[in-house]
Every structure is written in C-alpha cells, then in structure tokens.
2 protein chains.
Amino acid sequence: MYSSELIKGTLKTIILKLLSDSDEMYGYELTQRVKELTGGKIQLTEGALYPTLHALEAQGVLSTNVVNVGNRIRKYYSITPTGKQLANDKVNEYADFIHTMTFLLGLKPNMG
Amino acid sequence: MYSSELIKGTLKTIILKLLSDSDEMYGYELTQRVKELTGGKIQLTEGALYPTLHALEAQGVLSTNVVNVGNRIRKYYSITPTGKQLANDKVNEYADFIHTMTFLLGLKPNMG
DNA sequence: ATATATACCTAAGAAAATTATGTATATAAA
DNA sequence: TTTATATACATAATTTTCTTAGGTATATAT
C-alpha cells in the first residue's frame with residue numbers, strides 16, 4: 001500500500017478509465033479490480049468510492065442500472081459519451097503529469 | 001497548468017527532492033525553480049508551500065537559516081540527514097506509484 | 001455460531017490544498 | 001512620479017478530498 005497522500009487526486013481518473021474499458025461495473029467490483037490489477041498496492045476505500053460515483057453520476061458522466069442479484073442489490077455503472085471524453089482527457093492529462101514528475105524527480109523515463 | 005487535484009500529495013516529495021539536490025534554497029526560490037523545470041505546468045502556491053516547509057522543519061527533516069538580503073528577510077532551508085533519507089524513500093515510492101499508475105491506466109511505459 | 005465476503009450507504013473528522021489577505025522592499029515602466 | 005510587477009515572508013477562512021467509523025443486509029465458509 002502506498003502512503004495515502006500519494007493516491008489523492010487519482011480516484012476519478014481510475015474510475016473513469018476502468019469504466020471506459022468495460023461495458024459496466026458495480027462499486028464493489030471496481031474495488032476488487034483495482035486491488036487485483038495493482039497487486040494490492042492501491043485499495044479503493046468505500047467511503048471515498050461511493051460518494052465519488054454519486055458525484056460522477058450527478059455530473060452526467062456515469063449512468064446507473066440497479067439489478068437484484070438474489071436478494072442483494074447491485075448498482076451497475078456505465079460511462080456516458082460525455083464521460084468517455086472526460087476519461088480520455090483525464091488519462092491524457094495524467095500521462096503528461098507523470099512525464100513531468102518523472103523529469104522533476106530525476107527518474108529514469110522507464111524504470112520499474 | 002494541471003488540474004489542481006492531480007498535484008495533490010506531491011508537494012512534500014517535490015520539496016524534499018529539490019532540497020536533496022541543492023545545498024540550500026528559500027521558499028520563493030523553490031516556487032521559481034519548479035515553475036522553470038516544469039515549463040510552468042506546476043506552480044507551487046505560497047499558501048501550500050510555507051505551511052508545508054514549517055511542518056517539515058518541525059518534523060526535523062529541514063533546518064533553516066534566516067539571512068538579511070538588503071532590507072528583506074530570506075529564509076534558507078537545507079535538508080537534514082533524516083530528511084535526505086525521507087527524500088529518498090518518497091522519491092522511490094513515487095517512482096513505484098508511477099509504474100503502477102502507468103499500468104493501471106494502460107499508458108505506454110515511456111511515452112512523452 | 002462466527003467470521004469473512006459480498007454489496008450498498010452516510011456522516012464526522014482530518015488532511016491538504018486553494019483563495020484571499022496582509023506586510024514590506026526593490027525595480028521597471030508609464 | 002505613481003503604478004505595476006517582482007521579490008519574500010506569513011496566516012486565516014474556506015473548500016476539496018480522503019480516512020475512519022458506523023450502519024444495514026445477505027451469502028458462504030469455518
């Protein structure tokens with residue numbers, strides 16, 4: 001796990017990117033997918049995730065589809081056309097930012 | 001300029017890295033150096049910078065040296081041995097984080 | 001029975017930033 | 001000469017974003 005301050009500001013970008021590459025995903029699924037893809041290094045907390053999903057929906061970049069699975073509720077989120085554009089912009093901006101930080105911190109362009 | 005949320009959580013790392021590579025720097029100098037190195041893409045705001053410098057000093061990772069330049073005050077910061085270690089840790093953690101985010105967002109390992 | 005996993009949610013508080021404001025000197029431009 | 005910009009420090013109110021903690025409920029494994 002990274003120190004919490006590092007992850008700040010990346011939540012929306014992560015959500016939008018994953019939903020951009022998938023037909024639809026529900027909240028809990030997003031937490032599991034991120035955990036899996038990052039080997040547990042990034043773990044989305046529910047207290048941050050759900051309010052952000054609600055905000056993105058209110059903003060019109062996500063739409064929802066509530067489904068009953070057995071007796072449990074599951075709320076699927078899918079990205080809207082506006083959202084897809086925003087996802088692209090955010091990912092591109094982040095790529096640029098990474099490039100800038102890599103230079104500023106004197107890191108090798110492709111270490112890892 | 002990047003959207004403000006992106007830069008969040010990187011301030012301490014940037015300060016520690018620059019002071020790690022320099023004998024001493026003062027606050028205003030840090031803002032100018034970062035602006036210069038990033039082509040204006042990252043601009044440290046004084047409201048964020050000064051409180052953070054004070055906190056890092058209180059934490060023992062920075063030490064200060066106040067100098068009179070003409071009739072103006074200038075407060076030089078230099079990094080302590082503890083600070084040098086912290087700078088290293090933070091930069092390494094950020095390098096790892098960049099690697100993880102690059103994969104998560106599906107970016108090329110070295111685009112730019 | 002109990003713990004863990006799934007699955008949603010909100011609210012109080014903390015952390016970290018922005019924005020605004022204040023003080024003061026030096027210098028360049030109008 | 002007065003006005004704007006640059007230098008140089010600082011704090012305070014507010015906003016944003018996240019953590020921590022709590023709540024509800026079902027399913028499954030121990």
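Lettering of chains follows the sequences in order, A, B, ..., and the numbering in each one begins at 1.
Rounded to an integer number of Å, the gap from A/E46 CD to D/dT24 P is 16 Å. Between A/E57 atom CD and C/dC9 atom P the separation is 9 Å, expressed in whole Å. Distance A/R74 CZ to C/dC9 C1': 17 Å, rounded to the nearest Å. Between the CD atom of B/E24 and the C1' atom of D/dA8 there is a distance of 15 Å, given to the nearest Å. Protein atom OH of A/Y77 is 12 Å distant from nucleotide atom C1' of C/dA7, rounded to whole Å. Across the protein-nucleic acid pair, A/N65 atom CG and C/dC8 atom P stand 12 Å apart, rounded to whole Å. Computed from coordinates, the A/E36 CD to C/dT6 C1' distance equals 16 Å when rounded to whole Å. Between the C1' atom of C/dA24 and the CG atom of B/N68 lies a distance of 13 Å, rounded to the nearest Å.
Looking at heavy atoms from C-beta onward, A/I98 lies out of side-chain contact with B/L105 at the 4.5 angstrom threshold. Looking only at side-chain heavy atoms (C-beta outward), B/L30 and B/I14 stay at 4.5 Å or farther from each other.
Distances shown here put a side-chain N or O of A/Y50 below 4.0 Å from the OP1 or OP2 atom of C/dC8. Listed pair A/H54 / C/dT10 meets the phosphate criterion, a side-chain N or O lying under 4.0 Å from OP1 or OP2. Side-chain N/O atoms of A/Y26 include one lying less than 4.0 angstrom from OP1 or OP2 on C/dA7.
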Would B/V91 and B/T13 count as a side chain to side chain contact (heavy atoms under 4.5 Å, CB included) if you check the C-alpha gap in whole Å, the side-chain angles of each, and the deciding distance to 0.1 Å?
-> CA-CA 6 Å; B/V91 169; B/T13 306; 4.3 Å; yes
Audit row: A/I42, B/F97, side chain to side chain contact (heavy atoms under 4.5 Å, CB included) steps and yes/no = CA-CA 9 Å; A/I42 297 179; B/F97 180 66; 4.0 Å; yes
Take A/E93 and A/D89, measure what side chain to side chain contact (heavy atoms under 4.5 Å, CB included) needs, and give me the verdict at the end.
-> CA-CA 6 Å; A/E93 191 190 23; A/D89 292 349; over 6 Å; no
Let me see the working for A/K17 and B/L104 under side chain to side chain contact (heavy atoms under 4.5 Å, CB included), right down to the final yes or no.
-> CA-CA 9 Å; A/K17 168 63 180 173; B/L104 188 58; over 6 Å; no
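Put simply, the side chain of B/T80 gets close to the backbone of B/G60: a donor and an acceptor are under 3.5 Å apart. Listed for the A/T52 side chain is a donor-acceptor partner under 3.5 Å among the backbone atoms of A/A48.
Expressed to the nearest 0.5 Å, how far CD1 of A/I7 lies from CD of A/Q43 amounts to 9.0 Å.
Here ring pair (Phe, Tyr, Trp, His ring centres under 6.0 Å) pairs that include residues 61-93 of chain B, with residues two or more places apart or in two chains, are B/Y26-B/Y76.
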Between the protein and nucleotides 12-16 of chain D, are there any N/O to N/O pairs under 3.5 Å, and if so, what are the atom names and distances?
none

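As judged by a 4.0 angstrom heavy-atom cut-off over every strand, B/G70 is placed among residues making no nucleic acid contact. B/E29 comes within 4.0 angstrom of nothing in the nucleic acid, heavy atoms only.
Taking every side-chain heavy atom of B/K75 into account, D/dC9 is the closest of D/dC9, C/dC9, C/dT19. With distances taken from any side-chain atom of B/T45 to the nucleotides C/dT19, D/dA10, D/dT26, the minimum falls on C/dT19. Counting only heavy atoms from C-beta on, B/L11 has its side chain closest to C/dA17 among C/dA17, C/dA7, D/dC9.
Summary of helix geometry: the two end axes of the helix from C/dA1-D/dT30 to C/dA30-D/dT1, each defined by five base pairs via their C1' atoms, are inclined to each other by 10° (rounded to 10°).
Checking A/R72 against A/L49, the closest nucleotide of DNA chain D that is more toward the 5' end is the one next to A/L49.
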